[in-house]
Amino acid sequence: MLRSKNLPLIVSALALAAFSAAAITTFMQRQWSTSAAIPAYHLPDKAAAQISDRTIPVYQIGDLHGVRLVGRALMRDRGRDRGHLQVEVYPDLDDIELIGGTLIWMPGNFRSIRALMPPNVPAELRASVQAFADGLEDNLHRLTDAPKFRELYRPELDRIIGEALQSSLEAPATRAALAQASSSIGDEISIKFFDDAMPVILEYQKAAFAKVIQAGRQNFIARLLNWQDTLTPLQDAFGQSFQDPRVQSALTAQLQGIMTIPETARFARVFGVGAARRLAADPRWPDFIGRVANDHALSAQVEAIEELVAATGKKMLLQMIAQDTNREANVLALNVLRDVLLERSSSFLLLLPDTRRDIIDRVDAENWFLLTRGEVRGEVK
Amino acid sequence: MTQRRPPVTDDAGSIPGPILRVSNLSLAPGAAAALLDHTGFELQRGEVVLLTGPSGCGKSTLVNLLAGTLDTTTPDWQVSGTVDFEGASHDLAHERSKIGGMVFQNFALFDDLTAAQNVEIAFDHSGRDAATYAEPVEKLLQGIDPSAAVRDCSGGQQQRIAIARTLVADKSVLFMDEPNSGLDNAAATELARIIRELADNLGLAIVVIAHHLDAFRDIADRLLVIDTATGEIKDLGKPRPAIVDAALHALGDAATESVDTGRSTPRFTANWATDTCRSPAVWQARFFGYYFWLLCLSPSILLFIGLGGILVGFVSTSFIFQYFPYRDILVPVIQNDALAGIGYVQFRLLIPLVVSILIATRNGAIISADIGSRVYSSQPWAMGNLGIPYRRYIPGNITLSLMLGTPVLCLAAMAISAWFSMQTWHAMYPEQSAYFWREHYFREIWPLDHSLPVGLFWVLAKILPSALCANLISIYFGSRPKKSVTDVNSAIANSIIFSVSFVFLWHSLVILYHFHFFARG
């Protein structure tokens, strides 16, 4: 029996048994589905073409938008199940109804997140964006109005903007649009007129752009996100330039209606968009912004902007990832966001109970696929 | 007193020549003055010869030289002379003498073996028939429990085990280095009777080194005395009382230590007494099993490895998830990759390093202590004298055990580390499935379509050379000459320091090499 002579042997045997148990419950169970039911699902070719990972997460969405990770799907690449998704739910989650629910495949992108958001969240996000835009405009205004900025950085900012405008004006596309606009205006308006009037027009455009950049107008951020709207002040400036006596002296009274001509409007659009793109791509921005951000004389204004960005970013992130229930993090939204930020192509399966089939109606038709079950190996619970 | 057997004669009835003749022998420790200077002696079959002289005169050195058990590395002995033994002549200046069986002063018993096994191992390597020695060995070992550990035997019992062990090695000459040291008068007298019987019944020539000559005076045929003044071995003939008294007077009295003479114990019935020699493979397996158990399977090493795995599994998982900023937001985002990273770090870096360090410290200490104590108690020389392959049985099996056991221990640590990592994570996020942990923890290190873990080569490239070199370092320090227990302790400390330093260095080199040349991007 338990004689002291045998005690070391017994202790070692127990220790080895413990090690073996640890190995079995970890190493051996990394493939937990080998002996369990393995339903295989057919995936449409269009969806299969978008799958880059061999393993796809499976989420279950419940009532009140609660989302949790409940398993994985393996893309079979050999054997009779080739091209099928083998869905494996975690065995220790005992309330997963794989068979009774609807399984859909969705790509990991913003549209999927938006579709799965609770109904109130898009409105909250829009409000956050508007509040951020307003706050940012005020803070940028304070920054660009600061004496130090005006003295040290404003000339450089003007130079960057001016060069972008000049470059856009000289671009072949702009010149072509200009030619179309001039020809549509009529023979009586010659290219020479534009050559005479353009320096004045350019002066007005430059001023308008500067206003845009220093956020002197509302909705600047929204316009940054939508360049169509950005054209409005430029078009306005274009009209104002024609009020200038120097331009007017070059115009006859019948040319007052020139801005109503579609080709002229198109020229303004091509010119404005080209200038904005060149401005955004200017390699001097990082250095310029870096110097402004590190300028002690502007630290108060810069910190205010940083705080605004951080607070708004956190607020919007929480709004996007929050679940209705207990405001817990939506692991699905978080993981999709992560993959989007890391530029990783991803997708996921969503297990919908019958009570939540309404989600399907909110998803773009091209953005999801209903999975149909193929052959099932083993006995499905 | 035992009935004396007449001197052994040849077929013609004449007295044969000496079994051993040492002539023109000089022995000097390095550049120091010679202990023996162009001297010699002879031994006849069935003869018991006492060898005595002042302490440090070279008695033990002389018999160790002849038996081949002299450590000639420290000091660098200067030896010359000739030995004629059983018809062959050996030049001691160029050859190592390996004549006779040696009974060491400190017995040099194998303390990891039982009393019976100490005798059996010598017999199994002698290649001779056991029947010749059955009776004398049983007499020698009467009262000794065969299954007793030798450390539990008294001094007298250990002495008799040592004699029996040397006897069954089937040597025609026995050297006994102060066999009565530590024995009381009764035990010493009994020992003298046994020695006389061995010489008479088996025809052995026995040289007994002794300071206390009284017990052997009646059984000895001759008395040899080393004259320190001239470096001569003087043959004083039959040790008559007057001669012995004179010799004792010259040597002075030495203290004796009383030990018991053996209590009533089971009859000694070792395997060798009835069986033929067993294959050395049996002993190979026995020593391998002993060291594999000691180094790789005993509770302390498993506890050591288990605690290391627990620590790595708990700390690396707990701290990463516990101290993450914005946990509520970031943990769901990063935990897939964090678990994969934890698995990678544990499997590829931390566990191999921790296991290597634990093995280097724990087993390095044990190896250097084991070998150091063997060296300190002359066991390697005793094994060599008995024809037992010391290098194969001891350092060889230690190395083999470690090479086979280290991957197993590493795997065990990985398993326990993974399990504790899983439990730690599950305790922090009880709402999540433990299978989520399994899915991502093994994602990088053991993908589903791999039958073996990825990067197994690099793990083995770290742990096996670490274990091998730590083992060799420990064997080196353990094998260096030991004159005291302090030397053994120093060997243990040095082996730990150098082994662990090597482990750190080797793992750093492999990691740098691996990640610089193979794992970029």
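Values in this document were obtained by computation on a predicted structure and should not be read as measured data. Computation of the quantities below employed the complete heavy-atom set of this structure, encompassing side-chain atoms and omitting hydrogens, waters and symmetry-equivalent molecules. Just so we're on the same page: letters track the sequence lines, and every chain starts at 1.
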Below 4.5 Å, heavy-atom pairs only: which of [options] has the largest tally toward chain A?
options	value
Met422(B), Glu439(B), Arg443(B)	Glu439(B)
Trp446(B), Trp437(B), Phe420(B)	Trp446(B)
Ser417(B), Ala412(B), Ser300(B)	Ala412(B)

Is it true that Asp92(A) and Arg438(B) have a side-chain N and a carboxylate O under 4.0 angstrom from each other?
no

*Taking side chain as C-beta onward, heavy atoms only, is Asp370(B) less than 4.5 Å from Ile394(B)?*
yes

Check your understanding: Do the side chains of Phe347(B) and Glu444(B) get nearer than 4.5 Å, heavy atoms only?
Key -> no

Margin query: For Trp425(B) together with Phe436(B), are the ring centres under 6.0 Å from each other?
Written below: yes

Cut-off 4.5 Å, heavy atoms of chain B, and the answer for Leu337(A) is neither

Turns out that what part of Pro453(B) lies under 4.5 Å from chain A's heavy atoms comes down to neither

Okay, Leu411(B) and chain A: the region with an atom under 4.5 Å from a heavy atom over there is both

- Message: Would Gln432(B) and Arg68(A) count as a side chain to side chain contact (heavy atoms under 4.5 Å, CB included) here? Give the steps.
- Response: CA-CA 8 Å; Gln432(B) 296 206 48; Arg68(A) 63 171 175 165; over 6 Å; no

Most contact-rich option vs chain B, by heavy-atom pairs under 4.5 angstrom, among Asp339(A), Asn335(A), Val11(A), is Asn335(A)

So does Met28(A) have more than 12 non-hydrogen atoms from other groups sitting under 6.0 Å from CE?
-> no

